[in-house]
Amino acid sequence: MERGAIPLDDVPGAVDVQATLESGQTYLWWRPDGDTYRTDGLSGGDAWYRTVIDDDVIDVRQTATAIEWRGTTDAAPIVRDALGLHDDLDAVRGAARSDPLITAAWDAYDGLRIVRDPFFGCLVSFICSAQMRVERIFEMQERLRREYGTPITFDGQTVYSVPEPSALAAATESDLRDLKLGYRAPYVQRTAAMVASGELTKRDIDGRAYELARETMTDFVGVGNKVADCVLLFSLGYLAAVPLDTWMQTAIEDHYPDCERGRYEDTSRAFREHLGPHAGYTQTYLFHYLRSGGSAPEPTE
DNA sequence: CTCCAGGGAGCCT
DNA sequence: AGGCTCCATGGA
């Protein structure tokens, strides 16, 4: 096992690992101890979090002065990328739109960063996210890893990697339904087959202009505009992407009604222009804040 | 019992 | 293009 630490002083802006990994951005990090993903807002600030990237197990936890890591490889550069530690958070916030709701969200979870999950795992997890509660999306990914991942021995435990496209492409719809994927089972199988065969892959998406990248993403089965935005934002670093789920639709109706345009593409464009640069960052703060029970502060006069 | 969860595909005009 | 309807599963 290799170990190390990334001093917080080396990171531009604040860091909050718990807010980053428990804000519904990623279903590919979990707690190896205790096994629960806290949705109750209680402190998990010093807990270890685990992921598997390219057959390497990586654990991280935040201390008062650093982000500690341990893993099967020298994980420092991987952790910096995966947790968005390169993002200059002060600059991101400084450039963003500010209003009472956005300020409250940012103040509540200062240090929340946009993750960069591996493309295929992110794609599969968000296909699974359709009409599904956060806790159960985690359970689906855990079952997929256990059934279709590669076992890795780490710290005396057996950890399963995120499945390869070919592994899920070889599964049948019935196999995946047995893992409680429901009607998402054929979507996952067919999308995995597209990636495995080379018909459509990350290479066809990454680097394209945002709106074209999103449109291309929807060629995957089980991927509409919302899931496309999630993958662009949480895997490929398209910080302009603003996933418009039911929470954000409600938020727009309640707080930004002028941005409501009926069609997803048009509402998205209006909302992105309203939020300003790196709109996806602000969207993610709003999503986590609203879903955790936060509300717009009453104007004080 | 009903309703809903970080939606999307298929089919209809 | 835009508007239905259906789709699994489990917890409240």
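Below, chain A is the first sequence line, B the second, and so on; all start at residue 1. Because the structure is a prediction, the values reported are computed rather than measured.
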Under the side chain to side chain donor-acceptor pair (under 3.5 Å) rule, what do Arg50(A) and Gln157(A) come out as? Steps first, then yes or no, please. CA-CA 12 Å; Arg50(A) 174 170 292 172; Gln157(A) 305 171 36; 3.2 Å; yes
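- Put simply, Arg133(A) has no side-chain N or O that comes within less than 4.0 Å of OP1 or OP2 on dG6(B).
- In the set dG10(C), dA8(C), dG6(B), the nucleotide with an atom closest to the side chain of Met132(A) is dA8(C).
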Evaluate the side chain to side chain donor-acceptor pair (under 3.5 Å) criterion for residues Ser166(A) and Glu164(A): first the C-alpha distance (whole Å), next the side-chain angles of each, then the deciding distance (0.1 Å), finally the verdict. CA-CA 5 Å; Ser166(A) 58; Glu164(A) 294 291 325; 5.6 Å; no
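- Within the nucleic acid shown, Glu139(A) has no heavy atom closer than 4.0 Å to any nucleic acid atom.
- Under the 4.5 Å side-chain heavy-atom criterion for grouping Ile, Leu, Val, Met, Phe, Trp and Tyr, Ile137(A) is not connected to Leu28(A) through any hydrophobic cluster.
- Near DNA chain C, meaning a heavy atom under 4.0 Å from it, residues 164-203 of chain A has Arg177(A), Lys180(A), Gly182(A), Tyr183(A), Arg184(A) in order of number.
- The CZ atom of Phe138(A) sits 19 Å away from the P atom of dG10(C) (whole-angstrom rounding).
- No close placement of the Tyr109(A) and Tyr285(A) rings is indicated, their centers lying 6.0 Å or farther apart.
- Checked against the 6.0 Å centroid criterion, the rings of Phe126(A) and Phe234(A) qualify as a close aromatic pair.
- Under the 6.0 Å distance and 45° angle rule, Arg70(A) counts as a cation-pi partner of Trp48(A).
- Taking atom CD1 of Ile137(A) as the reference point, atom P of dA8(C) lies 18 Å away to the nearest angstrom.
- As rounded to the nearest Å, dG11(C) and dG8(B) have P atoms that lie 24 Å from one another.
- Taking atom CZ of residue Arg143(A) and atom P of nucleotide dA8(C), one finds them 16 Å apart after rounding to whole Å.
- Not less than 6.0 angstrom separates the ring centroid of Tyr148(A) from the ring centroid of Tyr160(A).
- Computed from coordinates, the Tyr27(A) OH to dA5(B) C1' distance equals 11 Å when rounded to whole Å.
- Under the 4.5 Å side-chain contact rule for hydrophobic residues, Tyr281(A) and Val242(A) share a cluster.
- Rounded to a whole Å, the CD atom of Glu135(A) is 11 Å from the P atom of dG11(C).
- One P atom belongs to dC1(B), the other to dG10(C), and the distance between them is 16 Å to the nearest Å.
- Contact annotation: Thr246(A) side-chain N/O to dG7(B) OP1/OP2 distance is under 4.0 Å.
- Where Arg136(A) and Gly224(A) each meet DNA chain B at their nearest nucleotide, the meeting point lying more 5' is that of Arg136(A).
- Contact between the side-chain N/O atoms of Gln131(A) and the OP1/OP2 oxygens of dA5(B) is not found at any separation under 4.0 Å.
- Between Glu211(A) and Arg272(A) there is a salt bridge, since a side-chain N of the basic residue sits under 4.0 Å from a carboxylate O of the acidic one.
- Protein atom CG of Leu290(A) is 14 Å distant from nucleotide atom P of dA5(B), rounded to whole Å.
- Secondary structure note: stems in DNA chain B built from 3 or more consecutive Watson-Crick or G-U wobble pairs under 3.5 Å occupy B:2-5 with C:9-12, B:7-13 with C:1-7.
- In this structure, Lys226(A) atom NZ and dA9(B) atom C1' are separated by 16 Å, rounded to whole Å.
- Heavy atoms of Phe126(A) sit nowhere under 4.0 angstrom from any nucleic acid atom.
- As rounded to the nearest Å, dC6(C) and dC3(B) have P atoms that lie 15 Å from one another.
- Going from atom OH of Tyr264(A) over to atom C1' of dG6(B) covers 10 Å, rounded to whole Å.
- In this structure, Leu123(A) CG and Asp117(A) CG are separated by 11.5 Å, a value rounded to the nearest 0.5 Å.
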